[in-house]
Amino acid sequence: MAYHHLCSSPSSLLRDRHSLSVSPKSKSLRTNPPTSLNLVSLSKTSIKASSSHVSLEDLMSQETQIPRKLTNSQYPDGKTASKSYVWVNPRSPRASRLRQLTYDSRYSSLLKVAESLDSCDQNEKDVLAVLSSLGDDVSEQDAVVVLNNMSNPNTALLVLDHFRKILTKTSREVILYNVTLKVFRKSKDLDGAEKLFDEMLQRGVKPDNVTFSTLISCSRVCGLPSKAVEWFEKMPTYECDPDDVTYSAMIDAYGRAGNVDMAFNLYDRARTEKWRIDPVTFSTLIKIYGVSGNYDGCLNVYEEMKALGVKPNVVIYNTLLDAMGRAKRPWQAKSIYKEMLSNGFSPNWATYAALLRAYGRARYGEDALNVYKEMKDNGLELTVVLYNTLLAMCADVGFADEAAEIFEDMKNSGACKPDSWTFSSLITIYSCSGKVSEAEGILNMMLEAGFEPNIFVLTSLIQCYGKAQRTDDVVRMFNRVYELGITPDDRFCGCLLNVMTHTPREELGKVMDCIEKAKPELGRVVKLLIGEQNGEGNFKNEALELFNHISSDVKKPYCNCLIDLCVNLDLLERACDLLELGLSLEIYAGIQSRSPTQWSLNLKSLSLGAALTALHVWINDLTKVQESGEELPPLLGINTGHGKHKYSEKGLATVIESHLKELDAPFHEASDKAGWFLTTKVAAESWLESRRSPNLVVA
């Protein structure tokens with residue numbers, strides 16, 4: 001804001017539209033005003049304010065006028081001046097003498113008194129000793145300058161008391177209190193400021209707008225937005241009307257205090273009445289929208305701010321980056337960061353932290369690692385939370401080697417100690433990679449650090465032992481869950497189901513017993529599936545009952561694992577039943593699509609077994625179409641996606657391509673569409689006619 005310092009120079013005395021920004025500027029208040037005199041006025045003046053009312057005009061005239069009228073005898077040649085003004089060489093002795101007679105000299109001495117009062121002992125004797133240097137003729141203007149340039153609230157109270165006693169005539173006593181309140185604001189002492197306000201009232205001094213704006217800004221710099229709201233709402237009681245600067249500041253205060261509706265109402269009014277809004281308030285508005293989940297609102301405020309000519313600062317950019325991270329919009333975070341750099345701003349710790357969170361949440365692995373390296377190159381330390389964000393991202397994208405390096409850096413930093421989330425992410429990484437010894441090593445480190453494994457850690461370890469086909473260790477870890485008093489959840493049971501897809505036939509019963517104990521309804525479905533229970537007709541009903549009673553986020557993993565298990569056990573008919581059930585319950589959607597020019601099979605969201613089953617069903621559907629005499633479209637395609645599993649060397653495309661070759665199917669990988677396998681109508685019809693048996697060859 002442009003209205004920060006009260007009385008920082010003679011020309012600005014008593015013209016205080018207080019700044020309401022969160023952090024006061026650090027610029028010194030004690031810079032001596034300019035003293036060069038190129039043009040000296042010869043009109044009537046006085047070295048002191050000629051009346052008890054101190055005004056801006058009086059002070060400006062005191063800066064530019066000579067303190068007394070010059071007579072003819074003062075000129076060497078005795079001539080009478082024919083003009084009101086005469087030029088005086090600023091380097092001449094006369095200019096120096098004239099300069100000493102202006103208020104500049106007095107102002108400089110007052111600044112020195114203020115400095116001495118800040119550093120003296122906090123008792124009346126020492127304070128009066130310093131003030132004695134001012135002499136007996138002290139004006140209200142002198143008192144304002146001294147108090148305004150002080151920073152010690154304890155001595156400021158003694159100084160205020162002294163000036164109140166010796167100044168028999170003051171234009172407005174509230175001014176002395178206001179500049180003293182500023183001292184408390186500089187010291188971030190809201191309690192002291194509130195006590196001084198109570199003293200004002202007890203002495204019958206009526207507060208004005210400046211009083212309240214100072215108390216509001218003091219509350220803000222103390223990080224107490226609720227107090228700022230409290231003081232703002234007291235203003236009408238004392239017949240004080242807030243100006244647009246105060247209103248604008250209250251947008252920030254209400255937002256930080258949690259009264260979002262009031263903040264938005266004031267912001268709407270600010271746009272209508274064209275109030276001046278500072279960057280701090282815009283930052284708060286962006287943060288409010290971000291926390292509420294209105295991420296487009298964040299960007300709209302940012303664009304409005306720029307349209308109003310308010311230049312964004314680093315805080316604004318950091319707030320936007322944090323909001324885009326919450327929104328999982330890493331591409332917009334990238335764009336904002338580039339704009340920040342192009343506008344000449346250097347990223348700070350908060351910038352890098354926001355970028356790490358944005359890229360980490362969105363699994364932008366390479367971008368997150370680049371930010372991490374840049375932070376290290378710039379000597380910036382990471383917190384435990386940021387290290388854990390990086391490690392969790394590595395677990396999501398399968399960066400095992402990078403995670404190991406980050407963990408070593410974390411241990412060697414000396415500033416951060418791994419916590420339970422650190423160990424959990426590392427165990428997940430090694431477990432998904434099937435690295436049993438590494439996972440067990442991290443578990444031992446976790447126990448030595450005093451952390452007990454939670455459900456996430458135990459789930460990862462069971463998955464690890466399952467991939468390694470160490471079934472007895474799976475059962476041992478399962479029993480430990482109950483020893484620790486942990487109740488298995490749907491994800492834990494899904495992990496056990498996934499383990500069954502890696503378990504040798506002869507050991508399936510061990511894992512099935514665990515599943516039956518943890519989730520009986522899932523155990524019944526598995527028993528019916530592998531034939532340990534009779535009841536062919538009950539399988540679909542039991543499976544339907546299961547899917548109706550589990551959370552939506554595990555339905556697809558459960559269905560994928562059950563189909564995988566069917567494919568492993570050569571139970572193609574059961575696999576097809578499960579796929580049909582998944583389609584009817586909308587667990588799977590959009591697997592088959594048709595247009596006049598192309599029929600497609602979309603396998604991207606399926607497991608390997610479910611994809612092979614869907615391919616088998618699709619081929620059978622194409623066969624039925626051909627047998628019915630219906631025309632096939634000009635083009636047929638299979639979309640597998642172009643990626644590979646993050647913890648596997650083989651992607652879905654590789655497996656499907658291999659299986660199509662086994663079937664001698666005329667599908668070939670498209671050169672211009674990654675992950676697509678295409679064929680023509682003529683080739684497909686010829687191949688379908690040549691097929692004698694529709695049986696699926698299971699890879």
Side-chain angles (χ1 to χ4, degrees), residues 325 328 330-331 355-373 382 385-411 418 420-443 445-446 453 455-470 491-492 494-495 497-499 501-502 553-554 556-557 560-561 564 603-611 640-657 674-675:
K328 293 186 178 179
W331 62 92
L355 286 171
L356 273 184
R357 289 191 292 267
Y359 294 149
R361 288 169 180 164
R363 301 177 183 178
Y364 272 39
E366 295 296 338
D367 292 297
L369 291 178
N370 288 336
V371 172
Y372 165 68
K373 291 173 183 175
L382 277 73
V385 173
L386 290 182
Y387 274 118
N388 287 346
T389 299
L390 278 169
L391 291 172
M393 181 271 300
C394 289
D396 287 336
V397 300
F399 284 179
D401 294 337
E402 292 83 352
E405 292 180 11
I406 292 168
F407 182 56
E408 286 302 315
D409 175 57
M410 181 182 187
K411 290 191 296 182
S420 59
W421 290 106
T422 310
F423 295 117
S424 179
S425 294
L426 288 166
I427 290 172
T428 298
I429 292 169
Y430 291 129
S431 296
C432 292
S433 304
K435 297 180 179 180
V436 177
S437 59
E438 288 86 346
E440 289 179 334
I442 297 296
L443 176 63
M445 291 177 61
M446 182 177 185
I455 187 69
F456 303 107
V457 171
L458 296 172
T459 301
S460 296
L461 288 168
I462 285 176
Q463 184 180 23
C464 184
Y465 289 130
K467 279 194 171 187
Q469 297 187 349
R470 290 170 53 168
R491 292 179 182 273
F492 180 83
C495 177
L497 191 58
N498 180 264
V499 165
T501 66
H502 301 285
D553 58 335
V554 299
K556 185 179 286 187
N560 278 340
C561 286
D564 287 350
L603 305 176
K604 289 195 297 183
S605 64
L606 304 181
S607 63
L608 295 181
T640 64
H642 60 277
K644 68 179 182 69
H645 192 277
K646 59 190 177 185
Y647 291 107
S648 172
E649 292 302 319
K650 291 184 178 181
L652 183 58
T654 304
V655 175
I656 294 299
E657 182 180 25

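As a basis for the values below, the full set of heavy atoms in this structure was taken, side chains included, without hydrogen atoms, waters or symmetry mates.
- Side-chain atoms of L391 and W421, non-hydrogen and from C-beta on, never get closer than 4.5 Å to each other.
- Separating the CG atom in L369 from the CG atom in L390 is a distance of 6.5 Å, to the nearest 0.5 Å.
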In sequence, state the C-alpha distance, the side-chain angles, and the governing distance for V457 and L461, and then conclude on side-chain contact (heavy atoms from CB on, under 4.5 Å).
CA-CA 6 Å; V457 171; L461 288 168; 4.0 Å; yes
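- Atom NZ of K328 is surrounded by 12 or fewer heavy atoms from other residues, nucleotides or ligands within 6.0 Å.
- Of all heavy-atom pairs spanning G641 and A653, the tightest one is O-CB, 3.9 Å.
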Working note: L356 + L382, criterion side-chain contact (heavy atoms from CB on, under 4.5 Å); need CA distance, chi angles, decisive distance, verdict.
CA-CA 10 Å; L356 273 184; L382 277 73; 4.1 Å; yes
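- To the nearest 0.5 angstrom, F456 atom CZ is 9.5 Å from T428 atom OG1.
- Distance alone, capped at 3.5 Å, places no donor-acceptor pair between the S424 side chain and the S420 backbone.
- Taking D367 as the reference, K334, Y359, Y364 meet the side chain to side chain contact (heavy atoms under 4.5 Å, CB included) condition, with sequence neighbours excluded.
- Summarising the geometry of A468 relative to V436, their closest heavy-atom pair is CB-CG2, 3.7 Å, with the distance given to 0.1 Å.
- Using a 4.5 Å heavy-atom threshold, the side chains of P418 and F407 count as touching.
- Side-chain contact between V499 and H502: absent, with no pair of heavy atoms (C-beta onward) separated by less than 4.5 Å.
- Residues meeting the side chain to side chain contact (heavy atoms under 4.5 Å, CB included) test with E657, sequence neighbours left out: K661, E669, F677.
- Residues C495 and I462 share a closest heavy-atom pair of SG-CG2, 4.0 Å.
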Check against side-chain contact (heavy atoms from CB on, under 4.5 Å), R357 and L386
CA-CA 7 Å; R357 289 191 292 267; L386 290 182; 4.2 Å; yes
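- The shortest distance between side-chain heavy atoms of F399 and I406 does not fall below 4.5 Å.
- In this structure, T640 contributes its side chain and G675 its backbone to a donor-acceptor pair below 3.5 Å.
- A donor-acceptor contact under 3.5 angstrom links the side chains of S607 and D564, judged on distance only.
- A distance of 13.5 Å separates OH of Y430 from OG of S460, quoted to the nearest 0.5 Å.
- Checking side-chain atoms of N498 against main-chain N and O of G494 turns up no donor-acceptor pair under 3.5 Å.
- Between Y387 and T422 there is no side-chain heavy-atom pair separated by less than 4.5 Å.
- Side-chain contact between K604 and L652: absent, with no pair of heavy atoms (C-beta onward) separated by less than 4.5 Å.
- Put simply, the side chain of K467 never gets that close to the backbone of S433: no donor and acceptor are under 3.5 Å apart.
- The two residues P330 and A362 make their nearest non-hydrogen contact at CG-CB, 3.4 Å.
- Between A368 and M393 the shortest heavy-atom distance is CB-CE, 3.6 Å.
- Between R491 and T459 there is no side-chain heavy-atom pair separated by less than 4.5 Å.
- Here the shortest heavy-atom pairing between A395 and S425 reads CB-O, 4.0 Å.
- Taking 4.5 Å as the limit, every side-chain heavy atom of E438 sits out of range of all side-chain heavy atoms of I429.
- The CG atom of L426 sits 12.0 Å away from atom CG of L443, with the distance rounded to the nearest 0.5 Å.
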